[in-house]
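Any value given below was found using the heavy atoms of this structure, including those in side chains, with hydrogens, waters and symmetry copies removed.
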Amino acid sequence: QLQLVESGGGSVQAGGSLRLSCEVYGYTYESYSMGWFRQAPGKEREGVAAIDSDGRTSYADSVKGRFTLSKDNVKNTLYLQMNSLKPEDTAMYYCAADYRAFRAPGIVAGRHSMDYWGKGTPVTISA
């Protein structure tokens, strides 16, 4: 099993940056795919970015060129660097993982039900 703990959320002005972290605990000796999702008030959850067990990444169109994933396999931590933030990026951001060999585009598209989820970290972007 895996336990995920997100951090790094906060409040910044539009145009600013934040870096979210997702620390992974538990049985990390087996490969797993991971993704970041977000849910804004009154909206459905959406995929933001994902990385599969082969290290390939995928991003939602709305964040391409602004958000970047990176993974530290020693620290078992996934990062989401968010630049040029916009008010519409305001949401609760969740990290998710799964031992199954999901491909990153499918994770972002929401085609897979991820088994492990963190509790989320809030991001608020003011105009």
Side-chain angles (χ1 to χ4, degrees):
Q1 288 198 350
L2 300 173
Q3 296 83 44
L4 310 178
V5 180
E6 304 98 332
S7 62
S11 298
V12 298
Q13 291 188 325
S17 298
L18 285 172
R19 188 176 81 155
L20 305 184
S21 299
C22 175
E23 296 180 84
V24 184
Y25 300 92
Y27 191 75
T28 59
Y29 302 101
E30 188 173 328
S31 61
Y32 48 90
S33 54
M34 296 188 72
W36 283 99
F37 297 79
R38 67 186 180 187
Q39 187 167 19
K43 295 188 176 181
E44 292 190 357
R45 185 176 65 200
E46 63 175 353
V48 176
I51 182 168
D52 62 28
S53 56
D54 292 328
R56 290 172 292 201
T57 58
S58 183
Y59 299 89
D61 288 343
S62 58
V63 306
K64 279 180 184 175
R66 300 189 297 122
F67 291 11
T68 304
L69 275 176
S70 61
K71 192 167 182 278
D72 187 327
N73 291 320
V74 174
K75 294 182 178 180
N76 291 320
T77 300
L78 180 69
Y79 302 99
L80 183 68
Q81 178 66 45
M82 307 188 296
N83 299 328
S84 302
L85 284 161
K86 305 176 181 180
E88 51 263 43
D89 295 318
T90 295
M92 184 69 80
Y93 282 70
Y94 299 91
C95 178
D98 201 293
Y99 288 119
R100 290 170 287 184
F102 296 148
R103 292 305 178 204
I107 297 172
V108 173
R111 290 198 288 270
H112 308 298
S113 178
M114 307 291 278
D115 277 346
Y116 304 101
W117 291 84
K119 294 183 178 181
T121 185
V123 170
T124 303
I125 311 302
S126 57

Taking only distance into account, with no hydrogens and no angle test, what donor-acceptor pairs under 3.5 Å do side-chain atoms of residues 18-25 form with protein atoms, sequence neighbours excluded?
residue, atom, partner, partner atom, Å
Glu23, OE1, Tyr25, OH, 3.1

Distance-only donor-acceptor hits, side chain of residues 112-127, under 3.5 Å, sequence neighbours excluded:
residue, atom, partner, partner atom, Å
Asp115, OD1, Arg100, NH2, 3.2
Trp117, NE1, Met114, O, 3.0
Thr121, OG1, Gly9, N, 3.0

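Using a 4.5 Å heavy-atom threshold, the side chains of Leu78 and Leu69 count as touching. For the pair Gln81 and Ser70, the minimum side-chain heavy-atom distance is 4.5 Å or more.
For the pair Ala104 and Thr57, the tightest heavy-atom approach, listed with the atom from each and the gap, is CB-C, 3.9 Å. In plain terms, the two heavy atoms of Ala91 and Ala40 that are nearest each other are CB-N, 3.8 Å.
Residues that satisfy the side-chain contact (heavy atoms from CB on, under 4.5 Å) test with Asn73, not counting sequence neighbours, are Lys71. Partners of Lys86 according to the side-chain contact (heavy atoms from CB on, under 4.5 Å) rule, which considers only residues two or more places apart in sequence or in another chain, are Arg66, Glu88, Asp89. A search for side-chain hydrogen bond (donor to acceptor under 3.5 Å, both in side chains) contacts involving Lys75 returns nothing, not counting sequence neighbours.
Here the straight-line distance linking atom OG1 of Thr28 with atom CD of Glu30 works out to 10.5 Å at 0.5 Å rounding. The structure places OG of Ser7 at 8.5 Å from OH of Tyr79, a figure rounded to the nearest 0.5 Å. To the nearest 0.5 Å, atom OH of residue Tyr94 and atom CH2 of residue Trp36 are 11.5 Å apart. Once rounded to the nearest 0.5 Å, the distance linking CD1 of Ile51 with CD1 of Ile107 reads 9.5 Å.
No side-chain N or O of Ser33 forms a donor-acceptor pair with one of Asp98 less than 3.5 Å apart.
By the 30° and 60° cut-offs, the orientation of the rings of Tyr32 relative to Tyr99 is perpendicular.
At distances below 3.5 Å, at least one donor-acceptor pair connects side-chain atoms of Asp52 with backbone N or O atoms of Arg56.
Residues in residues 39-48 take part in these side-chain hydrogen bond (donor to acceptor under 3.5 Å, both in side chains) pairs, two or more places apart or across chains: Arg38-Glu46.
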